[in-house]
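The structure under discussion appears below in the form of structure tokens.
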Amino acid sequence: YYRFLNELTIENVRALDNHHYRMFFSMYVDMETNKRLNTQNSAVDASPGSFFDEKLKVIEDLDNETVRSYALFNAMNYYLMEHGLDDFERHYDYFTETNTDSYYDEQLRIAYEKKQRIAPGQPAPPFTLSGLDGNEVSLSDFKGQYVFLDFWQTLCSRSAMELPHLLQLHSDYKEDNIAFVSISIDENKENWINYVKENKNMGTSLRSENYFDAKVYRDYQVFGLPTFILIDPEGRIVDPKAPQPSSDEIRHTLDQLLR
């Protein structure tokens with residue numbers, strides 16, 4: 001199936017400006033990483049961070065220095081956006097020692113510093129948004145409570161998969177000192193209102209306009225949906241990548257904080 005790759009110049013410096021090539025090349029690196037992992041034993045394959053560690057080895061083996069620098073930056077930047085600061089320091093040290101392109105060095109430094117703005121212990125970015133009844137609700141309204149933020153959209157299948165678990169989580173902890181606040185980026189206000197009333201009538205539901213360009217989404221650096229964030233009673237970030245409602249980890253975390 002992949003024989004055609006043998007006829008291509010995979011490491012094509014001239015094509016790096018092409019968005020489609022960059023997408024192809026990222027998928028190629030992921031494919032090569034999976035191939036290597038599949039040849040290893042299951043213990044290694046299942047170890048935490050094994051995919052990213054192996055991906056860095058694949059990139060290290062690339063021949064062209066320019067393409068290798070781009071691939072390293074792209075992998076690091078994607079990891080930072082998707083996983084946040086967890087275990088990133090170790091990878092960042094590797095990047096600074098390995099990268100040979102000053103442009104990518106500066107761009108990742110900027111991204112790293114930006115991500116640190118929502119690190120645990122940092123003040124949660126303030127927001128004021130409209131609720132179902134049209135009244136404005138601010139993050140400061142929940143001071144003194146933990147806040148479980150849920151960024152979602154009615155058309156997002158992953159959000160829909162988490163919804164039953166979120167409803168159960170809310171039911172189990174609604175008497176505790178925690179507010180469940182959902183922020184949607186639905187463009188159609190009426191669809192959002194109807195969906196919430198029929199399927200998600202819990203906690204506080206808010207809506208932000210401008211889709212992913214919304215300030216609250218940019219401030220919290222939401223990379224994909226759904227995204228869950230935990231904030232403490234003083235308005236500081238507890239976890240910018242909180243476990244999903246379907247996980248066992250979120251209940252362990254809430255039990256430690258609330259009980």
Side-chain angles (χ1 to χ4, degrees), residues 82 84 118 123-259:
E82 185 175 24
I118 56 168
F127 60 78
T128 298
L129 299 168
S130 295
L132 291 175
D133 56 7
N135 292 328
E136 291 190 339
V137 178
S138 299
L139 175 62
S140 58
D141 295 337
F142 302 99
K143 188 171 184 180
Q145 293 179 281
Y146 284 96
V147 176
F148 189 66
L149 271 185
D150 159 34
F151 291 93
W152 71 293
Q153 186 189 30
T154 60
L155 298 177
C156 174
S157 60
R158 293 183 297 274
S159 295
M161 290 174 62
E162 284 297 319
L163 179 54
H165 304 285
L166 179 61
L167 292 172
Q168 186 61 54
L169 192 69
H170 173 263
S171 177
D172 293 344
Y173 289 89
K174 63 183 179 182
E175 301 301 327
D176 292 289
N177 188 38
I178 183 169
F180 289 80
V181 180
S182 297
I183 301 178
S184 170
I185 55 170
D186 277 271
E187 296 180 285
N188 190 304
K189 182 179 179 180
E190 292 304 315
N191 286 351
W192 165 70
I193 291 175
N194 292 334
Y195 184 95
V196 171
K197 288 182 176 180
E198 293 176 11
N199 303 290
K200 200 174 183 178
N201 195 12
M202 51 138 278
T204 300
S205 287
L206 307 174
R207 175 176 165 270
S208 179
E209 298 181 347
N210 299 323
Y211 205 53
F212 274 101
D213 287 330
K215 186 176 186 300
V216 65
Y217 270 64
R218 287 187 279 109
D219 286 347
Y220 282 91
Q221 301 178 43
V222 176
F223 180 61
L225 300 177
T227 289
F228 302 95
I229 297 173
L230 191 57
I231 300 170
D232 74 12
E234 298 303 314
R236 296 187 178 276
I237 300 285
V238 175
D239 190 345
K241 295 288 290 185
Q244 295 184 334
S246 59
S247 69
D248 294 331
E249 290 84 354
I250 186 59
R251 292 176 179 276
H252 176 72
T253 298
L254 295 184
D255 286 345
Q256 283 191 317
L257 294 172
L258 298 167
R259 299 174 179 176

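One-based numbering along the sequence shown. Hydrogens, waters and symmetry mates play no part in the numbers below; they use all other heavy atoms, side chains included. Predicted model only: the values in this text are computed from it and were never measured.
- A 4.5 Å side-chain heavy-atom check between T204 and F142 finds at least one atom pair inside the cut-off.
- For the atom pair H165 NE2 and D172 CG, the distance stands at 12.5 Å (nearest 0.5 Å).
- Residues T128 and V137 fail the side-chain proximity criterion, which asks for heavy atoms closer than 4.5 Å.
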Stepwise side chain to side chain contact (heavy atoms under 4.5 Å, CB included) check, F127 with L206:
CA-CA 11 Å; F127 60 78; L206 307 174; 3.8 Å; yes
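- Distance check: S184 OG to L155 CG gives 9.0 Å after rounding to the nearest 0.5 Å.
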Between D239 and K241, does the side chain to side chain contact (heavy atoms under 4.5 Å, CB included) criterion hold? Intermediate values first, please.
CA-CA 5 Å; D239 190 345; K241 295 288 290 185; 4.0 Å; yes
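- Two residues are said to be in side-chain contact when any heavy atoms from C-beta on lie closer than 4.5 Å; L254 and I178 meet this criterion.
- Distance check: E249 CD to T253 OG1 gives 7.5 Å after rounding to the nearest 0.5 Å.
- In this structure, F151 and Y220 have tilted ring planes: the angle between them lies in the 30° to 60° band.
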Does the pair N188 and D186 meet the rule for a side-chain hydrogen bond (donor to acceptor under 3.5 Å, both in side chains), with working shown?
CA-CA 6 Å; N188 190 304; D186 277 271; over 6 Å; no
Throw together a table of side-chain donor-acceptor distances under 3.5 angstrom for residues 228-237, partners on residues two or more places apart or in other chains.
residue: D232; atom: OD1; partner: E234; partner atom: N; Å: 2.9
residue: D232; atom: OD1; partner: G235; partner atom: N; Å: 3.0
residue: D232; atom: OD1; partner: R236; partner atom: N; Å: 2.8
residue: R236; atom: NH1; partner: G121; partner atom: O; Å: 3.1

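- In this structure a side-chain-to-backbone donor-acceptor pair under 3.5 Å is missing from N135 to S130.
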Test side chain to side chain contact (heavy atoms under 4.5 Å, CB included) applied to R158 and W152, step by step
CA-CA 9 Å; R158 293 183 297 274; W152 71 293; over 6 Å; no
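- Side-chain atoms of I193 and K197, non-hydrogen and from C-beta on, do get closer than 4.5 Å to each other.
- You'll find the side chain of D150 reaches within 4.5 Å of the side chain of P226, heavy atoms only.
- Side chain of S247 to main chain of P243: no donor-acceptor pair is present (N/O by atom type, distance under 3.5 Å, no hydrogens or angles).
- Counting heavy atoms from C-beta on, the side chains of I185 and L225 come closer than 4.5 Å.
- For H252, the NE2 atom is loosely surrounded, since the number of other residues' heavy atoms within 6.0 Å does not exceed 12.
- Contact of the L169 side chain with the F180 side chain is registered, since non-hydrogen atoms from C-beta on lie closer than 4.5 Å.
- Annotation: D133, atom CG; neighbour count of heavy atoms from other residues, nucleotides and ligands within 6.0 Å is above 12.
- Distance check, rounded to the nearest 0.5 Å: CG of L149 to CG of L139 gives 7.0 Å.
- Under 3.5 Å, the side chains of N194 and E190 contain no donor-acceptor pair of N or O atoms.
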Take Q244 and L166 through the side chain to side chain contact (heavy atoms under 4.5 Å, CB included) test and state the conclusion after the steps.
CA-CA 8 Å; Q244 295 184 334; L166 179 61; over 6 Å; no
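- Taking 4.0 Å as the cut-off between side-chain N and carboxylate O, R207 and E209 count as a salt-bridged pair.
- To the nearest 0.5 Å, atoms OG1 (T227) and OH (Y217) are separated by 7.5 Å.
- Because its NZ or CZ atom is not both nearer than 6.0 Å to the ring centre of W192 and within 45° of the ring axis, K200 does not count as a cation-pi partner of that residue.
- N199 contributes no side-chain N or O that, together with a main-chain N or O of V196, makes up a donor-acceptor pair within less than 3.5 Å.
- A donor-acceptor pair shorter than 3.5 Å can be found between the side chains of S246 and E162.
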